[in-house]
Participant: 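Sharing a structure, written as structure tokens. Questions coming.
In this text the structure is predicted, and so the values were computed from the model without any measurement. Note on naming: letters A, B, ... go to the chains in the order of the sequence lines (proteins, then strands), and numbering restarts at 1 for each one.
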Amino acid sequence: MAIERYNPRDAEPRWQRVWAERGIFETKNDNPRPKYYVLEMFPYPSGRIHIGHGRNYVMGDVVARFKRMKGFNVLHPMGWDAFGLPAENAAIERNSHPKIWTYENIATMKEQLKLLGLSLDWSREIATCDPSYYAEQQSIFTDFFGEGLVYRKESEVNWDPIDNTVLANEQVIDGRGWRSGALVERRKLSQWFFKITAFGEELLAALDGLDRWPDKVRLMQRNWIGRSEGLMVRFALDAKTAPAGDTELEVYTTRPDTLYGASFLAIAANHPLAEKLADTKPGLADFIAECRRGGTSAEAIETQEKKGFDTGIRAEHPLVPGWYLPVYVANFILMDYGTGAIFGCPAHDQRDLDFARKYDLPVKAVVLPEGEDPETFAVGNVAYDGDGLLFHSDFMDGLSIPDAKEAIARRLEAQDLAGRPQGKRQVNFRLRDWGISRQRYWGCPIPIIHCPSCGPVPVPKADLPVVLPDDVTFDRPGNPLDRHPTWKHVNCPQCGGAATRETDTMDTFVDSSWYFARFASAPGEQPLSKGAADHWLPVDQYIGGIEHAILHLLYSRFFTRALKSVGRVSVAEPFAGLFTQGMIVHETYKDSAGKWLFPEEVEKRADGTAVRVGTDEPVTVGPPEKMSKSKRNVVPPEIVADTYGVDCARWFMLSDTPPERDSEWTEAGIEGAWRFTQRLWRLVNEAVELGGAEASGLPNQFGPEATALRRAAHKLAASVEEDFDRLRFNVAVARVHAFANQFGEAIAAVRNAGGAPSADLAFALNEAARIVTGVIGPMIPHLAEECWTILGGEGLAAEAPWPVVDRALLVEDEMTLPVQINGKKRAELTISATASEADIQEAVLALEGVTRALEGRAPRKIVVVPKRIVNVVV
RNA sequence: GCGGGCGUGGCGAAACUGGUAGACGCAAGGGACUUAAAAUCCCUCGACUUCGGUCAUGCGGGUUCGAUCCCCGCCGCCCGCACCA
């Protein structure tokens with residue numbers, strides 16, 4: 001009987017229809033099975049997807065399908081992060097409306113995603129631009145407002161002159177807008193803020209409990225929150241040198257122990273004192289302007305020389321009366337950290353040292369490294385920031401750094417300056433409150449009404465949602481909501497007087513800070529239902545790109561805590577498990593004119609050169625890069641589905657490369673996946689042909705061939721289960737390959753023997769086919785359904801349980817131990833798995849390889865590691 | 001500059017985190033089948049070798065019966081950042 005080729009073009013759409021018709025991926029909240037929530041970061045509907053977008057969805061789908069097989073009630077939803085600037089830009093370009101563009105993209109991308117055969121619950125689909133979604137968000141906003149978690153302040157903001165909007169600090173990359181790339185300017189505006197700093201301590205402490213997050217991401221968040229313990233120290237200013245009214249300068253330090261090594265104070269260029277002095281000190285205004293010009297990028301700062309301007313002001317050392325330190329304005333002090341002022345201790349801080357050397361200031365060491373002589377120890381051009389004991393420090397002499405910090409804190413807390421303690425312990429955070437105001441149309445309106453007499457008043461919940469008006473134009477820069485003729489004019493909900501709506505909309509990061517909780521609600525339920533959210537959260541496995549390591553993930557952690565504090569949910573952490581997958585990369589191609597070419601326009605020749613399809617025009621092949629529309633190195637999912645089928649694409653995406661690393665998409669790779677899926681199909685068919693479609697009763701006895709095959713199949717299920725749990729898809733794929741080799745050999749052996757296989761072997765063949773069908777189900781679900789069908793499986797493969805592993809089969813009767821002489825492998829010993837150590841030692845010494853290597857010498861020692869290895873030491 | 005990570009065949013990578021280094025795949029070479037091609041199947045595939053072995057996980061040391069794994073010192077790549085007081 002000739003086996004038909006597996007035809008994905010027929011099978012894949014057919015099974016997708018069956019899954020959809022039976023609604024098997026629609027999750028019920030009252031299902032009594034234990035819950036499992038797997039979520040991939042939802043996409044922004046930017047246009048069309050390419051295969052590079054598919055990797056994280058496929059990984060999530062493997063997890064979802066696997067957990068379903070393991071008996072969980074799995075929630076695996078999908079939605080659209082649909083608000084944002086690109087829609088407005090597209091509207092401007094096409095003279096259209098952001099809504100039209102967005103919903104068209106959603107329709108396209110949804111069809112493309114469906115092509116991938118993902119087990120998604122589309123009944124819970126959401127788009128953040130849908131009024132039903134943002135209505136709830138506005139309601140949450142008013143709750144936060146009531147709880148004091150939202151406030152308004154006049155603040156200097158990052159102004160993006162191209163996008164005409166405010167950017168969060170986090171959205172400024174190298175001094176430029178993260179989307180437009182424009183050099184960011186500073187402006188003062190009245191802005192709404194979320195009080196993320198109120199949770200700083202908690203957000204930091206809870207990172208320790210996120211043990212299923214990558215360490216890298218936790219570290220990035222830890223650094224971002226930036227907690228430091230230090231001391232606020234007030235320095236008295238010498239009245240003869242300071243402007244009238246300025247009697248003191250407060251600095252923040254994490255190294256108060258080095259105070260005896262101080263040689264200057266420095267303030268930021270935009271410190272109030274510096275700004276005041278700028279009018280009177282010749283040259284200072286120019287210096288401040290120069291500091292502002294300096295770039296804020298890492299490179300710019302790295303190469304920037306430390307510069308200062310001596311204000312002429314002198315500050316008295318808090319511990320040594322009569323010791324005066326110069327006060328500089330310096331370009332390396334930041335106003336928004338601490339107090340915008342420091343004391344410099346050159347011996348123990350590299351930046352201070354560079355500064356001191358430039359301006360010829362004293363460098364006095366006060367921490368002595370172990371083993372150094374206090375008489376001779378000196379700091380050259382490298383500051384000493386290591387451990388040691390204090391010296392040249394009066395009452396702190398001989399103390400360790402922590403003890404010295406404690407001693408000086410006590411001393412300055414007790415010491416009085418102008419009626420207040422001169423020092424105060426303080427914990428500082430780098431984290432700053434989250435500015436959410438955006439002067440844009442395509443976002444969630446902030447539900448506030450500004451009343452001339454009552455001030456800002458939240459829109460009453462009964463009046464929500466505040467819906468975006470459709471009749472807006474984008475023919476002029478600025479915010480269309482602001483210039484809309486009627487929308488913003490309303491009456492104050494409190495006093496009834498004429499008032500105006502807030503015309504700012506929310507940062508789109510707000511939309512994505514609670515969508516995972518929204519998915520918990522079944523269709524028809526309240527958008528954010530406490531019961532449903534408490535049932536489903538936290539997300540058991542969240543999957544997305546590393547680029548969201550800080551912003552989205554930190555905001556979501558904050559938002560969930562804030563929701564908890566207003567009683568909307570009971571959980572604090574949204575994501576119990578996080579996985580950051582690598583990108584899919586692809587070679588780039590350029591024609592002779594330097595124009596980017598799509599992969600399908602390029603033909604590779606046997607000699608390694610590349611030409612344009614159907615011509616002799618040479619093509620330059622570039623290194624693999626992230627798939628991007630602009631470089632045209634993209635592969636559309638439709639083409640892959642039409643030529644090889646999506647199971648091939650899925651298999652290839654999971655193969656070879658560990659999921660957290662970047663993976664290269666190649667034609668050879670997808671062809672390999674094609675060959676293997678066909679091979680699997682043949683193997684299962686052959687097994688059915690030889691072993692029968694129906695599972696027969698368990699035979700009483702199994703011969704060695706049947707046992708070996710059963711053992712391999714059960715081992716496969718056991719190890720792939722482990723691999724899936726650890727998201728090691730590449731290893732799972734390798735194991736399926738290895739099993740297929742063994743399966744193929746077993747089948748060939750049966751064929752070569754001729755005649756019908758014995759009952760035990762027939763059983764083993766059928767069982768192996770069933771197990772491998774189960775194991776591949778999460779990865780290549782369409783092929784699994786086809787295999788399931790010819791195996792006469794009950795219902796759908798997608799609903800079948802994970803293969804039951806017979807643990808007894810995993811235990812070998814015999815083991816083969818490598819035998820080493822002095823750590824080098826010299827022989828192998830096959831012996832009963834229950835052999836004692838003495839038996840093993842005896843057997844080892846009898847081995848030919850061992851006697852030859854020993855050359856008559858007696859072994860000094862024999863190390864037997866149970867079930868692992870034997871090492872004979874000579 | 002600070003912080004973190006990674007270096008294993010021609011390539012992607014495994015190695016149960018101290019126990020046979022290179023599973024599995026890709027590419028390559030050889031063979032079988034075929035009128036031919038495709039498909040499929042089989043073999044070879046780290047280096048050297050006197051065929052006994054020897055050397056090999058970036059380089060140099062160390063700990064250990066035994067090191068890709070732990071420690072110290074270099075070299076080279078990659079990522080993050082906020083000169084954070």
Participant: A/R661 near the nucleic acid: base, sugar-phosphate alone, or nothing, with a heavy-atom cut-off under 4.0 Å?
Facilitator: sugar-phosphate
Participant: Report the distance from atom CG of A/L551 to atom C1' of B/G80, rounded to the nearest whole Å.
Facilitator: 13 Å
Participant: Starting from P on B/G25, measure out to CE on A/M653 and report it in whole angstrom.
Facilitator: 21 Å
Participant: The side chain of A/D656 is closest to which nucleotide in this list: B/G12, B/A39, B/C83?
Facilitator: B/G12
Participant: If the P atom of B/A38 is compared with that of B/G52, how far apart are they to the nearest Å?
Facilitator: 40 Å
Participant: By nearest nucleotide on RNA chain B, pick out whichever of A/I342 and A/I225 is the more 5' one.
Facilitator: A/I225
Participant: P atom, B/A36 versus B/A32: distance in rounded Å?
Facilitator: 11 Å
Participant: If we take the C1' atom in both B/C70 and B/U57, what is their distance in whole Å?
Facilitator: 16 Å
Participant: With heavy atoms under 4.0 Å as the rule, sort A/S228 into base, sugar-phosphate or nothing.
Facilitator: sugar-phosphate
Participant: Without decimals, in angstroms, what is the distance between A/Q678 CD and B/A39 P?
Facilitator: 12 Å
Participant: Does A/R430 place a side-chain N or O at less than 4.0 Å from the phosphate oxygens OP1/OP2 of B/C83?
Facilitator: no
Participant: What is the base-pairing partner of B/A47, counting Watson-Crick and G-U wobble geometry with both distances under 3.5 Å?
Facilitator: B/U54
Participant: Which atom names give the shortest non-hydrogen contact between A/V366 and A/H348, and what distance separates them?
Facilitator: N-NE2, 2.9 Å
Participant: Between atom CZ in A/R868 and atom P in B/A15, what is the gap in whole Å?
Facilitator: 13 Å
Participant: Pick the C1' atom in B/C45 and in B/A28, then give their distance to the nearest Å.
Facilitator: 8 Å
Participant: Given B/C65, B/G12, B/G53, identify the nucleotide with an atom nearest to the side chain of A/R826.
Facilitator: B/G53
Participant: Compare side-chain N and O positions of A/R726 against OP1 and OP2 of B/C16 and report whether any pair is under 4.0 Å apart.
Facilitator: no
Participant: For B/G19 and B/C69, measure between their P atoms and round to the nearest Å.
Facilitator: 11 Å
Participant: What's the shortest heavy-atom distance between A/L259 and A/L319, and which atoms?
Facilitator: CD2-CD1, 3.9 Å
Participant: Has A/Y384 got a side-chain atom pairing as donor or acceptor with A/V367's backbone, closer than 3.5 angstrom?
Facilitator: no
Participant: Choosing from B/C26, B/G12, B/C81, which nucleotide comes nearest the side chain of A/A668?
Facilitator: B/C26
Participant: Using the P atom as the reference point in each nucleotide, state the distance between B/U44 and B/G7 in Å, no decimals.
Facilitator: 30 Å
Participant: I'd like the C1' distance from B/A13 over to B/G60, given in whole Å.
Facilitator: 27 Å
Participant: In whole Å, what is the span from the CG atom of A/D215 to the P atom of B/G3?
Facilitator: 17 Å
Participant: Contact class for A/L334 (heavy atom, under 4.0 Å): base, sugar-phosphate, or nothing?
Facilitator: base
Participant: What is the base-pairing partner of B/C41, counting Watson-Crick and G-U wobble geometry with both distances under 3.5 Å?
Facilitator: B/G31
Participant: Which nucleotide in the set B/A27, B/C24, B/G19 lies at the smallest distance from any side-chain heavy atom of A/A734?
Facilitator: B/C24
Participant: Please state whether the rings of A/F729 and A/F724 are parallel, tilted or perpendicular, taking 30° and 60° as the class boundaries.
Facilitator: tilted
Participant: Measure from the side chain of A/R5, starting at C-beta and using heavy atoms only, and say which of B/G66, B/A39, B/U40 lies closest.
Facilitator: B/A39
Participant: Whole-Å distance between B/U17 P and A/R728 CZ?
Facilitator: 10 Å
Participant: Contact class for A/N741 vs. all strands (heavy atom < 4.0 Å): base, sugar-phosphate, or nothing?
Facilitator: sugar-phosphate
Participant: Say you pick atom P in B/G4 and the same atom in B/C74; how far apart are they, in whole Å?
Facilitator: 16 Å
Participant: Looking only at heavy atoms, what is the nearest atom pair of A/A269 and A/V329, with distance?
Facilitator: CA-CG1, 3.7 Å
Participant: Under the ring pair (Phe, Tyr, Trp, His ring centres under 6.0 Å) rule, what do A/F264 and A/Y359 come out as? Steps first, then yes or no, please.
Facilitator: CA-CA 10 Å; A/F264 63 95; A/Y359 294 102; 8.8 Å; no
Participant: Mapping A/V731 and A/R227 to their closest nucleotides on RNA chain B, which lands nearer the 5' end?
Facilitator: A/V731
Participant: Please report the shortest heavy-atom distance between A/M779 and A/R650, naming the atom on each side.
Facilitator: O-NE, 2.8 Å
Participant: Quick one: classify the glycosidic conformation of B/G58 as syn or anti, with syn meaning within 90° of 0.
Facilitator: anti
Participant: What is the separation between atom CD1 on A/I333 and atom C1' on B/C83, rounded to the nearest whole Å?
Facilitator: 8 Å
Participant: Of the nucleotides B/A14, B/C81, B/A21, which one has an atom closest to the side chain of A/K825?
Facilitator: B/A21
Participant: Between B/C24, B/G19, B/U40, which nucleotide gets closest to the side-chain atoms of A/A738?
Facilitator: B/C24
Participant: With a 4.5 Å limit on heavy-atom distance, are the side chains of A/Y6 and A/D647 in contact?
Facilitator: yes
Participant: Paired with B/C6: which nucleotide, if any, by Watson-Crick or G-U wobble criteria at under 3.5 Å for both distances?
Facilitator: B/G76
Participant: Using purine N1 to pyrimidine N3 plus N6-O4 or O6-N4 for Watson-Crick, or N1-O2 and O6-N3 for G-U wobble, each under 3.5 Å, what pairs with B/G12?
Facilitator: B/C24
Participant: So what does A/S655 touch, heavy atoms closer than 4.0 Å: a base, only the sugar-phosphate, or nothing?
Facilitator: nothing
Participant: Which is it for A/F355 and A/Y328 under the ring pair (Phe, Tyr, Trp, His ring centres under 6.0 Å) test, yes or no, and what are the steps along the way?
Facilitator: CA-CA 10 Å; A/F355 190 80; A/Y328 282 80; 5.2 Å; yes
Participant: Check every atom of B/U40, B/C83, B/C24 against the side chain of A/H737 and return the nucleotide holding the closest atom.
Facilitator: B/C24
Participant: Indicate whether OP1 or OP2 belonging to B/A14 is found under 4.0 Å from a side-chain N or O atom of A/N730.
Facilitator: yes
Participant: Would you call B/G52 syn or anti, using the 90° rule around 0?
Facilitator: syn
Participant: Given B/A13, B/G19, B/C41, identify the nucleotide with an atom nearest to the side chain of A/R682.
Facilitator: B/C41
Participant: Separation of A/L847 atom CG from B/U20 atom C1', in whole Å?
Facilitator: 14 Å
Participant: What contact category does A/R860 fall into here, base, sugar-phosphate, or nothing, at under 4.0 angstrom with non-hydrogen atoms?
Facilitator: nothing
Participant: Taking the side chain of A/Q820 as its heavy atoms from C-beta onward, which of B/U20, B/C41, B/G12 lies nearest to it?
Facilitator: B/U20
Participant: Considering Watson-Crick and G-U wobble pairs with both distances under 3.5 Å, what does B/U64 pair with?
Facilitator: none
